[in-house]
Amino acid sequence: MTRMKRVLTCVLCAVLLLCETAALADDSYDLNKDGFSTSYTYGYDYWGDVIASPDAYRVETVIDSVDLGLDLLDGKRMSKPQALFARGNDLYICDTGNNRILQVRREASGKYSLTRVIDKVTGAEPEAIKSPYDVYVDEQDNIYVADYGNFRVIKMDKDLNRILEFTKPSDATFDQNLDFLPKKIVIDAAGRLYALVQNVNKGLVKYENDGTFTGFIGANEVIVSTGEYIWKRYFQTQEQRNKSEAFVPTEYENIYMDKDGFIYATNTVFDEYDLKWDNAKPIRRLNGIGTDILIKNDRYPPIGDLYWEEGSQSQEYGPSRLTDVTVFDNDIYVMIDRIRGRVFGYDSQGIMLWAFGTKGNVDGAFTGAISIEHIGYDLYVLDQLKGSVTVFTPTEYGSTIYSAIETYQDGDYDASAELWTAVMKQNANYAMAYRGIGRALLRQDKFKEAMEYFERAHDRDNYGRAFKLYRKEWVEKNVWWIVLILAALLLIPVISGRVNRMKWEVIMHEQNKVHKDGN
């Protein structure tokens, strides 16, 4: 009996110890209600499970109204800011509620200072800007403002002199009953303007550099199931059809133009059940004719978080709503989720590199993330409710990932493999590191070794590519052995047949001879 008590006591102690360890682990990761940590960087493995990783970014500073001296300037703190734009070392903040744009410069010391307040267009008759929702500065330092409250997009030179206005098209394809309310704008290298206009669901409104309206591009696709179409077409009355939801495209949420002139567009209106089937397409890369050419070579499409409380009435526990995107020169794109304040990074193949962020009032957390930009690899996230910009800078881990990707793109595959090995030492569960080493080995014609790394990364496509090349290489190296074996396989039956035939003839000859001698 005493022995049994001792055994039970040991088992109980072990259970309590495990529970305590689990509790400590949970506390250290600070899991929220939807199962994700709010205090660490994470990613997903091949099976879609959340995997913690070293931090890819850390908070460098937070820029707010006090830091910019707005209290001393005019007493007006940032009010409902809506957008960020970066050109060189200048950061432009659309202080929408105060009808102005704040031009902020990043000094060599790492500090940020307010250099100019843009609140009017100068010229013969200065005119105030009203509710600017977006700003864009081209390479000639011309400034474009989505002057929402004045129903136009205004183009100014660097001294704020009026150059051109883009206003509501008089074309029949544009509903003349609608006000022209530009919310987001991008400009290509030829000076053509693409505007995301409120209440216009035909796509982006396109203008030539002289202000001529030339149509729409990139309208959102309408996804309608066969059952929905048949039900609405043949079984609903006209009154029911009028009351039911129309099959019309939705508007985009935001747009960004990369260095090659492709437009990245985010979409936050979709059926959550379409996400993992890649029908919702919350992020797209549009070419000149509006076709989505975003590459998606991972098991899951780029949708942000892979798990959420499906069918939840509260958006807080629903899927990610990617409200803005920015793109690095190496085609890595980064998106901000307005629901849970998370930041997601993807490479050019649509593979998630890292994710971090949460909602809250501490540095690095957001209450109303609305826009994201970058200078170099530093990220800038605008919080419209806090009226602040959080600056994130890459850690050593994050910088090594970027260096590995860029080195591979530059064709230095040996150095790329070394950098990915360094990443793997910091995070042994990082499938991207195995994939990166495999791609570098593949470029070096080390097919068998590449297959091993692709297998560890569960990268079936690249594994298959490496296997085909390895098989081809093996055949070329062993072609003479293959020829000899095939020749042997062909000749042995022939020789064997002849030998057997000769034996049979000898036997028959002997039998005939015996038969004759017997007679």
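Note that the numbering runs from 1 along the sequence shown for the chain.
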**Student:** Could you tell me whether R106 and D378 make a salt bridge, using a distance below 4.0 angstrom between a side-chain N and a carboxylate O?
**Tutor:** yes

**Student:** Parallel, tilted or perpendicular: which describes the rings of W354 and F356, with under 30° parallel and over 60° perpendicular?
**Tutor:**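 The arrangement is tilted - the two ring planes meet at 30° to 60°.
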
**Student:** Salt bridge or not between R100 and D74? Use side-chain N to carboxylate O under 4.0 Å.
**Tutor:**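 Result for this pair is yes, salt bridge flagged.
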
**Student:** Tell me, which pairs form a ring-ring contact (aromatic ring centres under 6.0 Å, His included) where one or both residues lie in residues 318-351, sequence neighbours left out?
**Tutor:**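 Non-adjacent pairs meeting ring-ring contact (aromatic ring centres under 6.0 Å, His included): Y264-Y333, F328-H374, F328-Y377, F328-Y402, Y333-Y346.
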
**Student:** Within a strict 4.5 Å, meaning less than it, do heavy atoms of the Y207 and P169 side chains meet?
**Tutor:** yes

**Student:** Within 45° of the axis and under 6.0 Å from the centre of the six-membered ring of Y92, does NZ or CZ of R87 qualify?
**Tutor:** no

**Student:** Is any side-chain heavy atom of Y112 less than 4.5 Å from a side-chain heavy atom of V391?
**Tutor:** yes

**Student:** In Å, rounded to the nearest 0.5 Å, how long is the span from CD of E127 to CG of D147?
**Tutor:** 7.5 Å

**Student:** Atom CD1 in I263, atom CZ in R285: separation rounded to 0.5 Å?
**Tutor:** 11.0 Å

**Student:** Check the orientation of Y144 and Y136. Use parallel for under 30°, tilted for 30 to 60°, and perpendicular for over 60°.
**Tutor:** perpendicular

**Student:** Would a 4.5 Å heavy-atom cut-off, applied to side chains only, mark V117 and L102 as touching?
**Tutor:** yes

**Student:** Only counting residues at least two apart or in another chain, list the ones meeting salt bridge (Lys or Arg N to Asp or Glu O under 4.0 Å) with R77.
**Tutor:** D71

**Student:** Can the positive tip of R321 be found less than 6.0 Å from the middle of the six-membered ring of F270, inside 45° of the ring normal?
**Tutor:**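 Because its charged atom sits under 6.0 Å from the ring centre and within 45° of the axis, R321 does stack over F270.
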
**Student:** Can you see whether T266 engages E253 through a side-chain donor-acceptor pair at a distance of less than 3.5 angstrom?
**Tutor:** no

**Student:** Consider side chain to side chain contact (heavy atoms under 4.5 Å, CB included). Of N254, D324, I283, T323, which one does M335 pass it with?
**Tutor:** I283

**Student:** Verify the distance criterion only: is there a donor paired with an acceptor across the side chains of Y148 and Q198 at less than 3.5 Å?
**Tutor:**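 Yes, because at least one side-chain N or O of Y148 sits under 3.5 Å from a partner of the opposite role on Q198.
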
**Student:** Between Y430 and W420, what is the ring plane arrangement, given parallel below 30°, perpendicular above 60°, and tilted in between?
**Tutor:**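 Plane angle between 30° and 60°, so tilted.
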
**Student:** Going by atom types only, do Y42 and D305 share a side-chain donor-acceptor pair under 3.5 Å?
**Tutor:** yes

**Student:** Does D55 use its side chain to pair, donor to acceptor, with the backbone of R58 at less than 3.5 Å?
**Tutor:**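 Between the backbone of R58 and the side chain of D55 there is no qualifying donor-acceptor contact (under 3.5 Å).
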
**Student:** Are the side chains of N267 and K281 in contact, using a 4.5 Å heavy-atom criterion?
**Tutor:**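 Result no, sub-4.5 Å side-chain heavy-atom pair not found.
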
**Student:** Can you name the residues that form a side-chain hydrogen bond (donor to acceptor under 3.5 Å, both in side chains) with N98, not counting sequence neighbours?
**Tutor:** D95

**Student:** Closer than 3.5 angstrom, by distance alone: can the side chain of D383 be matched with the main-chain N or O of G368 as a donor-acceptor pair?
**Tutor:**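 Indeed, once roles are kept as given, a pair shorter than 3.5 Å links the two residues.
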
**Student:** Can you tell which of D90, I93, V135 makes a side chain to side chain contact (heavy atoms under 4.5 Å, CB included) with F85?
**Tutor:** V135

